[in-house]
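First the structure, in the form of structure tokens, and then the observations on it.
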There are 2 protein chains.
Amino acid sequence: MSNYNRNNIPRVKHWYDERVTNVFDDPRITAVGLLFEAHAGLSARFNAQLEEHGLSAVEFEVITRLARSPGNQLRMTDLAAQTSLSTSGVTRVVDRMERDGLLTRRACPNDRRSSYAVVTGSGMQRLNETLPGHLQMIEQWFTGQLDPEALAALLDGLRRVRDAAHPCATAGSDDVSPEQVAATDNANRRH
Amino acid sequence: MSNYNRNNIPRVKHWYDERVTNVFDDPRITAVGLLFEAHAGLSARFNAQLEEHGLSAVEFEVITRLARSPGNQLRMTDLAAQTSLSTSGVTRVVDRMERDGLLTRRACPNDRRSSYAVVTGSGMQRLNETLPGHLQMIEQWFTGQLDPEALAALLDGLRRVRDAAHPCATAGSDDVSPEQVAATDNANRRH
DNA sequence: CGGTTATAGTTGCTCAAGCAGTCGTTGGGC
DNA sequence: GCCCAACGACTGCTTGAGCAACTATAACCG
């Protein structure tokens, strides 16, 4: 593969055609394709269901992360670290969701720079309306597609890939120091 | 879960806190989390490497799909069906990549509505520069993380999930009729 | 043929998201 | 106590993507 594009080609097309089709049958390419297509497929199914409840995927993730956190709240920065959003992205999602009455901002008592995003009652209600159907979608399109041990094997593999590739993002939880999270998070984000 | 938000709560917080942490420990949520985080992690790693070669993920997918197609070309619509892009999205990616010299448009001889996107020599060169590193990234962060049978189990599971959830997108290939592709593709796309 | 319908691609508009820059706040070093 | 670096959140600007509307071509059908 190092002498790939060595000589500059009158008959480019033939030469590339051969090499290229070979390369794209590479099992590594196939593997990534499977993972990405599975993800894309599930995303599409989930989005459709979330949309019925007036939520985008990002909004659902935000409200979920908040709801599972102590006090149903999280500092903006921590929320950014847990989601795949930048801090400015979080500012704007929270803007929209606050406008829609799903969240509120609350001042942080001991640090006047920070503010919390808190799920409102209306937000909780929306989440409760959305969740059962969401779980059903997961069952239908993902976990229900495999028998228990195949699923376990799949999840085991995914966990190992995740642990290797995914910069851990659990800011606001107690098991990770903020600096650590910030570092890994920045490493993840593009330039 | 049906009597979830039954009584409108003075002690909302406690009640939700309990239910909610339970719900979010649901193995189905965890499973999706693993898949999505694995995907996000790999995407981030791949994007970093692609960026070194001046390609976005979408551009890489486009040029890859074209390069693996007969004649290194595909009609705009078929390209849209194969990628996760709308036709207008494809128009614009191809615009940019044509401006950058990676692709050209070529008129379709037998249908004057259609046009092909064709990879240029320069585009092929760019792809060839990018691919080895990309394969290496896959190896490093994904396939190399697992021993062969664990990987096989993972891929097998992914394949089943993909087949269930992913609207098959192989337009321009010979094994699928265009109408079929269009139908599944539209089903996939949000509203 | 002529007209209607469907298809391929492009374009205007909108919106979501990131980066870089800003402002106020905090905390550490002296 | 004072200063300066670091931090948290927000805002201006740009970019990328989708939808809907439009044009040109093709296909179908009477």
Side-chain angles (χ1 to χ4, degrees), chain A residues 40 43-44 47-48 51 55-62 73-81 83-100 103 105-117 171-172 177-179 181-183 185-186 188-191, chain B residues 40 43-44 47-48 51 54-62 73-81 83-100 103 105-117 171-172 177-183 185-186 188-191:
Chain A
S43 288
N47 284 334
E51 200 176 338
L55 291 175
S56 73
V58 168
E59 288 163 351
F60 179 71
E61 194 189 356
V62 163
Q73 63 181 352
L74 227 37
R75 297 186 321 143
M76 301 292 279
T77 308
D78 296 333
L79 187 54
T83 59
S84 52
L85 291 172
S86 64
T87 62
S88 79
V90 165
T91 294
R92 268 139 186 162
V93 189
V94 172
D95 280 350
R96 295 195 295 272
M97 297 178 75
E98 190 169 29
R99 169 172 53 72
D100 297 347
L103 306 180
R105 270 172 244 247
R106 178 180 297 164
C108 176
N110 35 341
D111 187 341
R112 296 169 59 184
R113 293 170 300 179
S114 302
S115 59
Y116 286 103
S177 72
E179 318 89 75
V181 167
D185 186 57
N186 286 336
N188 180 18
R189 200 148 291 144
R190 313 170 192 160
H191 35 171
Chain B
S43 288
N47 284 336
E51 200 175 339
L55 291 175
S56 72
V58 168
E59 288 163 351
F60 180 71
E61 192 188 358
V62 163
Q73 61 181 350
L74 228 35
R75 297 185 322 145
M76 301 292 278
T77 308
D78 296 332
L79 187 54
T83 58
S84 50
L85 291 172
S86 66
T87 62
S88 78
V90 165
T91 293
R92 270 141 186 161
V93 190
V94 172
D95 280 351
R96 295 195 294 273
M97 296 177 75
E98 189 168 30
R99 169 173 51 74
D100 297 347
L103 307 180
R105 269 172 245 247
R106 175 179 301 163
C108 175
N110 36 340
D111 186 343
R112 295 171 58 185
R113 293 170 301 178
S114 302
S115 59
Y116 287 103
S177 74
E179 317 91 75
Q180 192 179 341
V181 167
D185 186 57
N186 286 336
N188 180 19
R189 202 147 291 143
R190 313 168 195 164
H191 40 164

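No hydrogens, no waters, no symmetry mates; every other heavy atom, side chains included, goes into these values. All of these numbers come straight from a predicted model, not from anything done at the bench. So that the names make sense, note that chain A is the first sequence line, chain B the second, and so on, each numbered from 1.
Regarding N47(B), its CG atom lies at a distance of 12 Å from the P atom of dC19(C), rounded to whole Å. In this structure, R105(A) atom CZ and dG8(D) atom P are separated by 16 Å, rounded to whole Å. The distance between atom CE of M97(B) and atom P of dA17(D), rounded to the nearest whole Å, is 11 Å. Residue L85(B) contributes atom CG, which lies 15 Å from atom C1' of dT10(C) at whole-angstrom precision. The distance between atom CG of D111(A) and atom P of dA6(D), rounded to the nearest whole Å, is 17 Å. Atom CD of E51(B) and atom P of dG18(C) are 14 Å apart (whole Å). In this structure, the OH atom of Y116(A) is 12 Å from the P atom of dG8(D), given to the nearest Å. The distance between atom CG of N110(B) and atom P of dA24(D), rounded to the nearest whole Å, is 21 Å.
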Practice item. Evaluate the side chain to side chain contact (heavy atoms under 4.5 Å, CB included) criterion for residues T83(B) and V62(B): first the C-alpha distance (whole Å), next the side-chain angles of each, then the deciding distance (0.1 Å), finally the verdict. Key: CA-CA 7 Å; T83(B) 58; V62(B) 163; 4.3 Å; yes
**Study point:** Residue pair V93(A), L79(A): steps toward the side chain to side chain contact (heavy atoms under 4.5 Å, CB included) verdict
**Key:** CA-CA 11 Å; V93(A) 189; L79(A) 187 54; over 6 Å; no
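For Y116(A), the ring pair (Phe, Tyr, Trp, His ring centres under 6.0 Å) criterion is met by no residue, not counting sequence neighbours. Here R112(A) pairs with nothing under the salt bridge (Lys or Arg N to Asp or Glu O under 4.0 Å) rule; sequence neighbours left out. Qualifying side-chain hydrogen bond (donor to acceptor under 3.5 Å, both in side chains) partners for D100(B), counting only residues two or more places apart in sequence or in other chains: none. Here R92(A) pairs with S88(A), D95(A), R96(A) under the side-chain contact (heavy atoms from CB on, under 4.5 Å) rule; sequence neighbours left out.
Although no hydrogens or angles enter the test, the distance criterion places a donor-acceptor pair under 3.5 Å between the side chain of E98(A) and the main chain of R105(A).
Inspection of the R75(B) and S114(B) side chains reveals an N or O donor paired with an N or O acceptor under 3.5 Å.
At its two ends the helix from dC1(C)-dG30(D) to dC30(C)-dG1(D) runs along axes set 10° apart, each axis drawn from five pairs and the angle rounded to 10°.
Phosphate contact (OP1/OP2 of dG27(C), side-chain N/O of R113(A), threshold under 4.0 Å): absent. In this model, the phosphate group of dT25(C) is approached by a side-chain N or O of R112(A) to a distance below 4.0 Å at OP1 or OP2.
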Mind listing the N/O atom pairs, protein and nucleotides 11-15 of chain C, below 3.5 Å?
unit_1, atom_1, unit_2, atom_2, d
dG12(C), N7, R92(B), NH2, 3.0
dG12(C), O6, R92(B), NH1, 2.8
dG12(C), O6, R92(B), NH2, 3.2

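Heavy atoms of S115(B) sit under 4.0 angstrom from primed sugar atoms or phosphate atoms, though from no base atom. As judged by a 4.0 angstrom heavy-atom cut-off over every strand, V58(B) is placed among residues touching the sugar-phosphate backbone only.
For the atom pair SG (C108(A)) and CD (Q73(A)), the distance works out to 8.5 Å, reported to the nearest 0.5 Å.
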